[in-house]
> 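Have a look at this one.
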Amino acid sequence: MAYDTTEPHQDAAPEAPSRVAAGVLSLVFFLGSFALIAWGFDIDGLLGMAIGAAGIVTFGLAYAIPTTILPALDRGGRR
């Protein structure tokens, strides 16, 4: 059997306040990354490149929170 369905799950409930807060934070980072990238194109020089790069990093963080960071925190160091 590849997956034991009788074992109780250790994940937080989908309606847990921490999951909702993380989802809202990810959405804010996701939308904010577009604003930062667009703003970076409007500014000339090194500052524009830095703001654009910050937008790209923010986009990566918005993706990493629900896919990598939260599952690792829910696992609590267990593998």
Side-chain angles (χ1 to χ4, degrees):
M1 181 183 326
Y3 181 70
D4 186 13
T5 58
T6 59
E7 183 179 330
H9 295 285
Q10 301 296 329
D11 295 339
E15 65 275 358
S18 62
R19 294 269 178 125
V20 174
V24 170
L25 181 66
S26 294
L27 181 64
V28 168
F29 280 173
F30 180 71
L31 296 175
S33 69
F34 290 130
L36 284 173
I37 292 170
W39 187 32
F41 278 109
D42 287 340
I43 297 175
D44 292 331
L46 185 62
L47 181 61
M49 288 189 289
I51 292 173
I56 293 171
V57 169
T58 306
F59 181 84
L61 187 60
Y63 179 76
I65 287 173
T67 59
T68 306
I69 297 171
L70 281 182
L73 291 176
D74 286 343
R75 224 178 13 242
R78 290 173 276 130
R79 288 193 176 217

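Both backbone and side-chain heavy atoms feed into the values below; hydrogens, waters and symmetry mates do not. Note that the structure is predicted; figures quoted are calculated from it, not measured.
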> Which other residues belong to the hydrophobic cluster containing Leu46, where Ile, Leu, Val, Met, Phe, Trp and Tyr are joined when side-chain heavy atoms lie under 4.5 Å apart, directly or via other members?
Met49
> Pair up each side-chain donor or acceptor in residues 23-38 with any protein partner under 3.5 Å, not counting sequence neighbours, and list the distances.
from	atom 1	to	atom 2	distance (Å)
Ser26	OG	Ala22	O	3.0
Ser33	OG	Phe30	O	2.6

> More than 12 heavy atoms of other residues, nucleotides or ligands under 6.0 Å from CG of Asp44: is that the case?
no
> Which atom names give the shortest non-hydrogen contact between Pro66 and Ala62, and what distance separates them?
CD-O, 3.2 Å
> Could you tell me which residues satisfy side-chain contact (heavy atoms from CB on, under 4.5 Å) with Leu47, sequence neighbours excluded, listed by chain and number?
Ile43, Ile51
